[in-house]
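Everything below concerns the one structure shown next.
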There are 2 protein chains.
Amino acid sequence: MSGYLRETSQRRVILEELGKLTSHPTANEIYEIVRMRLPRISLGTVYRNLELLSESGLIQKLEMAGKQKRFDGTIENHYHIRCIRCGRVDDLKLPAMKSIDGTATIVSDYEVLWHKLEFGGLCPECSAQRSRKGKVEILEIKRNTIGRKD
Amino acid sequence: MSGYLRETSQRRVILEELGKLTSHPTANEIYEIVRMRLPRISLGTVYRNLELLSESGLIQKLEMAGKQKRFDGTIENHYHIRCIRCGRVDDLKLPAMKSIDGTATIVSDYEVLWHKLEFGGLCPECSAQRSRKGKVEILEIKRNTIGRKD
DNA sequence: ATACGTAATGGTAACTATTACTAGTTAATG
DNA sequence: CATTAACTAGTAATAGTTACCATTACGTAT
(Lines give C-alpha, C1' and ligand atoms only; values in the text may rest on other atoms or scores of the structure.)
Protein backbone atom coordinates (compact mmCIF):
# COMPACT_ATOMS: atom_id res chain seq x y z
CA MET A 1 0.00 0.00 0.00
CA SER A 2 3.01 2.26 0.28
CA GLY A 3 2.91 3.03 -3.44
CA TYR A 4 5.30 2.14 -6.19
CA LEU A 5 7.10 3.93 -8.94
CA ARG A 6 5.46 4.00 -12.33
CA GLU A 7 7.54 4.14 -15.45
CA THR A 8 6.91 7.54 -16.94
CA SER A 9 8.85 8.99 -19.82
CA GLN A 10 10.13 11.75 -17.58
CA ARG A 11 11.43 9.29 -15.03
CA ARG A 12 12.98 7.04 -17.64
CA VAL A 13 14.81 9.86 -19.38
CA ILE A 14 16.15 11.26 -16.11
CA LEU A 15 17.48 7.84 -15.21
CA GLU A 16 18.95 7.29 -18.66
CA GLU A 17 20.71 10.62 -18.81
CA LEU A 18 22.05 10.30 -15.31
CA GLY A 19 23.39 6.88 -16.21
CA LYS A 20 25.35 8.33 -19.10
CA LEU A 21 27.18 10.82 -16.92
CA THR A 22 30.25 10.15 -14.87
CA SER A 23 29.98 13.61 -13.40
CA HIS A 24 27.81 14.36 -10.39
CA PRO A 25 25.29 16.83 -11.73
CA THR A 26 23.03 19.05 -9.68
CA ALA A 27 19.27 18.89 -10.06
CA ASN A 28 19.34 21.91 -12.30
CA GLU A 29 22.05 20.49 -14.53
CA ILE A 30 20.00 17.32 -14.96
CA TYR A 31 16.99 19.47 -15.72
CA GLU A 32 18.84 21.24 -18.50
CA ILE A 33 20.05 17.97 -20.00
CA VAL A 34 16.70 16.24 -19.83
CA ARG A 35 15.01 19.28 -21.29
CA MET A 36 16.76 18.63 -24.59
CA ARG A 37 14.71 15.44 -24.92
CA LEU A 38 11.60 16.53 -23.05
CA PRO A 39 11.29 20.28 -23.51
CA ARG A 40 8.12 20.56 -21.45
CA ILE A 41 9.40 18.80 -18.33
CA SER A 42 9.21 20.86 -15.20
CA LEU A 43 12.00 21.44 -12.72
CA GLY A 44 9.78 20.21 -9.93
CA THR A 45 9.36 16.90 -11.70
CA VAL A 46 13.11 16.53 -11.91
CA TYR A 47 13.48 17.24 -8.21
CA ARG A 48 10.68 14.88 -7.26
CA ASN A 49 12.05 12.06 -9.36
CA LEU A 50 15.61 12.47 -8.17
CA GLU A 51 14.28 12.25 -4.65
CA LEU A 52 12.16 9.18 -5.33
CA LEU A 53 14.85 7.45 -7.34
CA SER A 54 17.39 7.94 -4.59
CA GLU A 55 14.91 6.74 -1.99
CA SER A 56 14.34 3.61 -3.99
CA GLY A 57 18.06 3.10 -4.28
CA LEU A 58 18.33 3.46 -8.03
CA ILE A 59 20.57 6.49 -7.79
CA GLN A 60 22.54 8.16 -5.06
CA LYS A 61 21.96 11.59 -3.58
CA LEU A 62 25.07 13.46 -2.47
CA GLU A 63 24.52 16.06 0.17
CA MET A 64 27.83 17.82 0.48
CA ALA A 65 28.60 20.34 3.16
CA GLY A 66 27.09 23.72 2.51
CA LYS A 67 26.52 23.08 -1.16
CA GLN A 68 23.59 22.12 -3.29
CA LYS A 69 22.73 18.48 -3.70
CA ARG A 70 24.26 16.42 -6.45
CA PHE A 71 23.21 13.11 -7.90
CA ASP A 72 25.18 10.04 -8.80
CA GLY A 73 24.01 7.44 -11.29
CA THR A 74 26.03 4.74 -9.57
CA ILE A 75 24.97 3.20 -6.30
CA GLU A 76 28.16 1.63 -5.00
CA ASN A 77 29.51 3.22 -1.84
CA HIS A 78 32.42 5.59 -2.29
CA TYR A 79 33.73 8.91 -1.08
CA HIS A 80 33.84 12.10 -3.08
CA ILE A 81 36.16 15.01 -3.55
CA ARG A 82 35.16 18.51 -4.51
CA CYS A 83 37.36 21.13 -6.12
CA ILE A 84 37.21 24.21 -3.94
CA ARG A 85 37.82 26.35 -6.97
CA CYS A 86 35.67 25.15 -9.84
CA GLY A 87 33.22 23.09 -7.80
CA ARG A 88 33.45 19.84 -9.75
CA VAL A 89 32.96 16.64 -7.82
CA ASP A 90 34.80 13.40 -8.50
CA ASP A 91 34.75 9.90 -7.12
CA LEU A 92 37.59 8.89 -4.88
CA LYS A 93 39.15 5.46 -5.11
CA LEU A 94 39.30 4.98 -1.40
CA PRO A 95 37.62 2.01 0.23
CA ALA A 96 34.80 2.82 2.63
CA MET A 97 35.94 2.63 6.24
CA LYS A 98 33.56 0.06 7.58
CA SER A 99 34.71 -0.05 11.19
CA ILE A 100 34.65 3.66 11.83
CA ASP A 101 30.96 3.81 12.72
CA GLY A 102 31.58 1.26 15.43
CA THR A 103 34.52 3.23 16.72
CA ALA A 104 32.41 6.38 16.84
CA THR A 105 29.70 4.51 18.70
CA ILE A 106 32.22 3.49 21.33
CA VAL A 107 33.58 6.98 21.93
CA SER A 108 30.15 8.63 22.01
CA ASP A 109 26.73 8.17 23.56
CA TYR A 110 25.23 7.86 20.12
CA GLU A 111 24.05 4.88 18.18
CA VAL A 112 26.09 5.72 15.12
CA LEU A 113 24.48 4.70 11.84
CA TRP A 114 26.56 6.22 9.13
CA HIS A 115 29.34 8.61 8.28
CA LYS A 116 30.02 10.99 5.46
CA LEU A 117 33.58 11.63 4.42
CA GLU A 118 34.18 14.40 1.97
CA PHE A 119 37.44 15.79 0.66
CA GLY A 120 38.26 19.22 -0.62
CA GLY A 121 41.13 20.28 -2.79
CA LEU A 122 42.24 21.43 -6.16
CA CYS A 123 41.46 19.40 -9.25
CA PRO A 124 44.29 18.87 -11.76
CA GLU A 125 43.15 21.77 -13.94
CA CYS A 126 42.78 24.25 -11.11
CA SER A 127 45.97 23.07 -9.49
CA ALA A 128 47.89 23.71 -12.67
CA GLN A 129 46.30 27.12 -13.06
CA ARG A 130 47.21 27.99 -9.53
CA SER A 131 50.90 27.19 -9.84
CA ARG A 132 50.98 29.13 -13.08
CA LYS A 133 49.79 32.35 -11.49
CA GLY A 134 51.33 31.90 -8.07
CA LYS A 135 49.70 31.49 -4.72
CA VAL A 136 46.00 32.10 -4.72
CA GLU A 137 43.93 33.96 -2.22
CA ILE A 138 41.56 31.07 -1.59
CA LEU A 139 43.93 29.30 0.70
CA GLU A 140 44.78 32.12 3.01
CA ILE A 141 42.36 34.45 4.66
CA LYS A 142 43.90 37.71 5.61
CA ARG A 143 41.55 38.93 8.27
CA ASN A 144 42.99 39.85 11.60
CA THR A 145 41.53 39.15 14.95
CA ILE A 146 39.51 41.70 16.84
CA GLY A 147 41.28 44.83 17.93
CA ARG A 148 44.37 44.17 15.90
CA LYS A 149 45.38 46.20 12.96
CA ASP A 150 46.86 44.77 9.81
CA MET B 1 44.82 47.45 3.56
CA SER B 2 42.79 44.25 3.66
CA GLY B 3 40.67 45.59 6.52
CA TYR B 4 40.43 44.45 10.08
CA LEU B 5 37.74 43.63 12.53
CA ARG B 6 36.61 46.42 14.79
CA GLU B 7 35.33 45.63 18.22
CA THR B 8 31.66 46.44 18.16
CA SER B 9 29.25 45.59 20.92
CA GLN B 10 27.34 43.32 18.57
CA ARG B 11 30.46 41.39 17.63
CA ARG B 12 31.61 41.13 21.22
CA VAL B 13 28.28 39.84 22.49
CA ILE B 14 28.02 37.27 19.70
CA LEU B 15 31.48 36.00 20.56
CA GLU B 16 30.75 35.98 24.29
CA GLU B 17 27.49 34.11 23.99
CA LEU B 18 28.91 31.61 21.56
CA GLY B 19 31.74 31.00 23.99
CA LYS B 20 29.30 30.13 26.74
CA LEU B 21 27.63 27.41 24.72
CA THR B 22 28.80 23.87 24.34
CA SER B 23 26.05 23.26 21.80
CA HIS B 24 26.49 24.11 18.15
CA PRO B 25 23.85 26.73 17.51
CA THR B 26 22.53 27.86 14.16
CA ALA B 27 22.74 31.49 13.11
CA ASN B 28 19.14 31.98 14.08
CA GLU B 29 19.60 30.45 17.51
CA ILE B 30 22.52 32.77 18.14
CA TYR B 31 20.39 35.64 16.95
CA GLU B 32 17.69 34.82 19.50
CA ILE B 33 20.20 34.53 22.32
CA VAL B 34 22.07 37.71 21.46
CA ARG B 35 18.79 39.57 21.09
CA MET B 36 18.21 39.23 24.83
CA ARG B 37 21.18 41.51 25.39
CA LEU B 38 20.95 43.59 22.23
CA PRO B 39 17.28 43.73 21.26
CA ARG B 40 17.88 45.88 18.19
CA ILE B 41 20.52 43.69 16.55
CA SER B 42 19.65 42.53 13.08
CA LEU B 43 19.81 38.98 11.80
CA GLY B 44 22.01 40.12 8.95
CA THR B 45 24.54 41.44 11.43
CA VAL B 46 24.64 38.07 13.14
CA TYR B 47 25.21 36.30 9.85
CA ARG B 48 27.87 38.75 8.78
CA ASN B 49 29.73 38.48 12.06
CA LEU B 50 29.60 34.72 12.22
CA GLU B 51 31.07 34.68 8.76
CA LEU B 52 33.81 37.17 9.58
CA LEU B 53 34.63 35.57 12.91
CA SER B 54 35.00 32.18 11.33
CA GLU B 55 37.13 33.63 8.55
CA SER B 56 39.41 35.16 11.12
CA GLY B 57 39.64 31.87 12.93
CA LEU B 58 37.99 32.98 16.16
CA ILE B 59 35.12 30.54 15.78
CA GLN B 60 34.38 27.56 13.61
CA LYS B 61 31.71 27.24 10.97
CA LEU B 62 30.18 23.80 10.56
CA GLU B 63 28.68 23.12 7.19
CA MET B 64 27.00 19.78 7.53
CA ALA B 65 25.56 17.90 4.61
CA GLY B 66 22.22 19.21 3.49
CA LYS B 67 21.55 21.10 6.67
CA GLN B 68 21.83 24.68 7.79
CA LYS B 69 25.13 25.97 9.04
CA ARG B 70 26.07 25.76 12.69
CA PHE B 71 28.73 27.54 14.65
CA ASP B 72 31.21 26.34 17.20
CA GLY B 73 32.86 28.58 19.79
CA THR B 74 35.89 26.31 20.02
CA ILE B 75 38.52 26.22 17.34
CA GLU B 76 40.27 22.94 18.00
CA ASN B 77 39.84 20.37 15.28
CA HIS B 78 37.31 17.66 15.93
CA TYR B 79 34.57 15.71 14.21
CA HIS B 80 30.86 16.05 14.83
CA ILE B 81 27.87 13.80 15.07
CA ARG B 82 24.30 14.77 14.30
CA CYS B 83 21.18 13.07 15.56
CA ILE B 84 19.11 12.17 12.52
CA ARG B 85 16.00 12.48 14.59
CA CYS B 86 16.19 15.62 16.72
CA GLY B 87 18.97 17.35 14.81
CA ARG B 88 21.28 18.11 17.72
CA VAL B 89 24.99 18.17 17.02
CA ASP B 90 27.66 16.99 19.42
CA ASP B 91 31.42 16.83 19.43
CA LEU B 92 33.02 13.48 18.92
CA LYS B 93 36.06 12.43 20.87
CA LEU B 94 37.83 10.98 17.91
CA PRO B 95 41.27 12.23 16.96
CA ALA B 96 41.52 13.92 13.56
CA MET B 97 42.93 11.59 10.95
CA LYS B 98 45.96 13.53 9.84
CA SER B 99 47.30 11.23 7.19
CA ILE B 100 44.08 10.71 5.29
CA ASP B 101 44.44 13.84 3.15
CA GLY B 102 47.78 12.53 1.96
CA THR B 103 46.24 9.17 1.19
CA ALA B 104 43.48 10.81 -0.79
CA THR B 105 46.03 12.85 -2.72
CA ILE B 106 47.80 9.66 -3.71
CA VAL B 107 44.70 7.87 -4.98
CA SER B 108 43.37 10.89 -6.89
CA ASP B 109 44.55 13.58 -9.27
CA TYR B 110 43.64 16.22 -6.73
CA GLU B 111 45.78 18.25 -4.45
CA VAL B 112 43.79 17.36 -1.36
CA LEU B 113 43.63 20.09 1.24
CA TRP B 114 41.11 19.00 3.81
CA HIS B 115 38.44 16.51 4.67
CA LYS B 116 35.16 16.65 6.50
CA LEU B 117 34.02 13.64 8.45
CA GLU B 118 30.52 13.71 9.82
CA PHE B 119 28.60 11.04 11.63
CA GLY B 120 24.89 10.43 11.82
CA GLY B 121 22.99 8.43 14.37
CA LEU B 122 20.64 8.51 17.27
CA CYS B 123 21.45 10.50 20.36
CA PRO B 124 20.90 8.80 23.74
CA GLU B 125 17.47 10.38 24.18
CA CYS B 126 16.19 9.52 20.73
CA SER B 127 17.74 6.08 20.90
CA ALA B 128 15.87 5.34 24.12
CA GLN B 129 12.65 6.67 22.65
CA ARG B 130 13.05 4.51 19.60
CA SER B 131 13.50 1.24 21.47
CA ARG B 132 10.46 2.12 23.54
CA LYS B 133 8.17 2.41 20.55
CA GLY B 134 9.76 -0.17 18.30
CA LYS B 135 11.48 0.23 14.98
CA VAL B 136 11.16 3.61 13.42
CA GLU B 137 10.42 4.43 9.85
CA ILE B 138 13.44 6.64 9.43
CA LEU B 139 15.80 3.78 8.92
CA GLU B 140 14.00 1.91 6.21
CA ILE B 141 12.60 3.32 3.04
CA LYS B 142 9.86 1.33 1.55
CA ARG B 143 9.81 2.46 -2.05
CA ASN B 144 10.08 -0.12 -4.76
CA THR B 145 12.06 0.11 -7.92
CA ILE B 146 10.52 1.09 -11.21
CA GLY B 147 7.99 -1.26 -12.68
CA ARG B 148 7.73 -3.39 -9.59
CA LYS B 149 4.73 -3.51 -7.43
CA ASP B 150 4.89 -3.73 -3.68
C1' DA C 1 39.03 66.50 22.59
C1' DT C 2 37.74 66.91 17.43
C1' DA C 3 37.63 65.48 12.92
C1' DC C 4 38.08 62.06 9.53
C1' DG C 5 37.81 57.74 6.84
C1' DT C 6 35.99 53.54 6.58
C1' DA C 7 34.11 49.34 8.77
C1' DA C 8 29.86 48.08 10.65
C1' DT C 9 24.98 48.41 11.48
C1' DG C 10 19.76 47.94 10.97
C1' DG C 11 16.27 47.26 7.93
C1' DT C 12 14.87 45.33 4.06
C1' DA C 13 14.99 43.38 -0.46
C1' DA C 14 16.82 39.88 -3.24
C1' DC C 15 18.41 35.45 -4.09
C1' DT C 16 19.06 30.31 -4.40
C1' DA C 17 17.83 25.84 -3.78
C1' DT C 18 14.20 23.25 -2.76
C1' DT C 19 9.46 21.82 -1.47
C1' DA C 20 4.40 22.21 -1.54
C1' DC C 21 0.11 22.80 -3.90
C1' DT C 22 -3.35 21.95 -7.43
C1' DA C 23 -6.04 20.90 -11.28
C1' DG C 24 -5.55 18.09 -14.97
C1' DT C 25 -3.12 13.73 -17.12
C1' DT C 26 -1.65 9.03 -17.59
C1' DA C 27 0.21 4.40 -16.38
C1' DA C 28 -0.94 0.03 -14.58
C1' DT C 29 -4.35 -3.20 -13.23
C1' DG C 30 -8.90 -5.97 -13.41
C1' DC D 1 -12.29 -0.24 -21.62
C1' DA D 2 -12.96 1.65 -16.83
C1' DT D 3 -11.01 2.68 -12.65
C1' DT D 4 -7.87 4.74 -9.61
C1' DA D 5 -4.03 6.33 -7.71
C1' DA D 6 0.50 7.96 -9.13
C1' DC D 7 2.22 11.46 -11.77
C1' DT D 8 2.81 15.90 -14.24
C1' DA D 9 3.36 21.03 -15.42
C1' DG D 10 3.06 25.24 -13.68
C1' DT D 11 3.33 28.01 -10.07
C1' DA D 12 3.46 29.62 -5.34
C1' DA D 13 5.68 29.23 -1.11
C1' DT D 14 9.40 28.38 1.93
C1' DA D 15 14.00 28.42 4.36
C1' DG D 16 18.32 29.94 4.81
C1' DT D 17 21.34 33.14 3.53
C1' DT D 18 23.39 37.10 1.13
C1' DA D 19 23.26 41.81 -0.91
C1' DC D 20 22.22 46.50 -0.70
C1' DC D 21 22.16 51.11 1.22
C1' DA D 22 21.66 55.09 4.00
C1' DT D 23 23.18 55.96 8.58
C1' DT D 24 26.11 55.14 12.67
C1' DA D 25 30.23 54.55 15.28
C1' DC D 26 35.09 52.65 15.87
C1' DG D 27 39.90 53.53 15.66
C1' DT D 28 43.33 56.64 14.37
C1' DA D 29 45.45 61.12 13.29
C1' DT D 30 45.24 65.89 13.97
Side-chain angles (χ1 to χ4, degrees), chain A residues 1-15 24-32 34-35 37-56 58 61-71 82 87 89 141-150, chain B residues 1-15 24-32 34-35 37-56 58 61-71 87 89 142-150:
Chain A
M1 218 260 95
S2 62
Y4 62 96
L5 299 188
R6 291 182 179 168
E7 175 161 359
T8 63
S9 55
Q10 293 88 338
R11 185 162 296 155
R12 183 165 24 79
V13 170
I14 288 171
L15 205 46
H24 303 76
T26 62
N28 198 64
E29 285 165 358
I30 296 164
Y31 172 59
E32 292 299 342
V34 169
R35 218 137 71 102
R37 290 175 60 186
L38 301 172
R40 295 189 56 78
I41 198 172
S42 111
L43 180 57
T45 298
V46 173
Y47 267 104
R48 187 169 5 86
N49 277 301
L50 290 171
E51 189 60 37
L52 292 174
L53 290 170
S54 69
E55 277 179 12
S56 73
L58 287 172
K61 177 167 61 172
L62 311 181
E63 306 190 69
M64 306 195 80
K67 302 287 159 190
Q68 75 213 78
K69 299 189 177 86
R70 290 176 174 272
F71 296 85
R82 174 163 48 88
V89 174
I141 289 128
K142 293 163 197 109
R143 290 260 168 203
N144 296 332
T145 53
I146 284 186
R148 296 259 223 76
K149 208 177 159 181
D150 69 329
Chain B
M1 220 263 92
S2 60
Y4 62 96
L5 299 188
R6 291 179 180 173
E7 175 163 357
T8 65
S9 55
Q10 293 88 338
R11 185 161 295 157
R12 183 164 24 77
V13 171
I14 289 171
L15 205 46
H24 303 76
T26 62
N28 198 63
E29 284 165 358
I30 296 165
Y31 172 58
E32 293 299 342
V34 168
R35 219 137 70 103
R37 291 175 60 185
L38 301 172
R40 296 191 53 79
I41 197 172
S42 111
L43 180 57
T45 298
V46 173
Y47 268 104
R48 187 165 6 84
N49 276 301
L50 290 171
E51 188 60 36
L52 293 174
L53 289 169
S54 70
E55 277 180 11
S56 73
L58 287 172
K61 178 167 59 173
L62 311 181
E63 305 189 70
M64 306 193 82
K67 302 286 160 191
Q68 76 211 77
K69 299 189 178 87
R70 290 176 174 272
F71 296 86
V89 174
K142 294 163 197 110
R143 289 265 168 198
N144 295 332
T145 52
I146 284 186
R148 296 259 222 75
K149 210 182 162 181
D150 68 329

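Chain letters run A, B, ... following the sequence lines, proteins first and then strands; every chain starts at 1. Just so we're clear, the structure is a prediction, and the values are computed from it rather than from any experiment.
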From Lys69(B), Gln68(B), Arg70(B), residue fulfilling side chain to side chain contact (heavy atoms under 4.5 Å, CB included) relative to Glu63(B): Lys69(B)
What's the separation between atom [atom1] in [X] and atom [atom2] in [Y], rounded to the nearest 0.5 Å?
X	Y	atom1	atom2	result
Thr26(B)	Leu62(B)	OG1	CG	11.5 Å
Leu5(A)	Glu55(A)	CG	CD	8.5 Å
Leu15(B)	Leu50(B)	CG	CG	9.5 Å
Glu29(B)	His24(B)	CD	NE2	11.5 Å
Thr45(B)	Leu52(B)	OG1	CG	10.5 Å

Whole Å only: how far is the [atom1] atom of [X] from the [atom2] atom of [N]?
X	N	atom1	atom2	answer
Tyr31(A)	dT11(D)	OH	P	11 Å
Leu53(B)	dA8(C)	CG	P	10 Å
Leu5(B)	dT28(D)	CG	C1'	17 Å
Leu52(A)	dT18(C)	CG	C1'	14 Å
Lys69(B)	dA17(C)	NZ	P	12 Å
Leu50(B)	dA8(C)	CG	P	14 Å
Glu29(B)	dA15(D)	CD	C1'	14 Å
Glu63(B)	dT16(C)	CD	C1'	15 Å

Enumerate all atom pairs, one protein N or O and one N or O from nucleotides 21-27 of chain C, separated by less than 3.5 Å.
from, atom 1, to, atom 2, distance (Å)
dA27(C), N3, Arg6(A), NH1, 3.4

Output yes when at least one side-chain N/O atom of [X] is less than 4.0 Å from OP1 or OP2 of [N], else no.
X	N	answer
Arg11(B)	dT9(C)	yes
Gln10(B)	dA25(D)	no
Lys67(A)	dT17(D)	no
Asn49(B)	dT9(C)	yes

side-chain hydrogen bond (donor to acceptor under 3.5 Å, both in side chains) involving Glu51(A) - partner list, sequence neighbours excluded: Lys61(A)
Of all the choices, [options], which nucleotide is nearest to the side chain of [X] once you look at every atom?
X	options	answer
Gln68(A)	dA17(C), dT18(D), dC7(D)	dA17(C)
Ser42(A)	dT18(C), dG10(D), dG10(C)	dG10(D)
Thr45(B)	dG10(C), dA8(C), dC7(D)	dG10(C)
Tyr47(A)	dT18(C), dT18(D), dG10(C)	dT18(C)

Between the first and last five pairs of the helix from dA1(C)-dT30(D) to dG30(C)-dC1(D), the angle of the axes, rounded to 10 degrees: 30°
Contact summary for Val46(A) and Ala27(A), nearest pair of heavy atoms: CG1-O, 3.7 Å
Closest contact, heavy atoms only, Tyr31(A) versus Ile41(A): CE1-O, 3.5 Å
Test item: Arg11(A) side-chain N/O and Asn49(A) main-chain N/O as donor-acceptor pair under 3.5 Å: no
Along DNA chain C (nearest heavy atom to each residue), the more 5'-positioned of Lys61(A) and Leu43(B): Leu43(B)
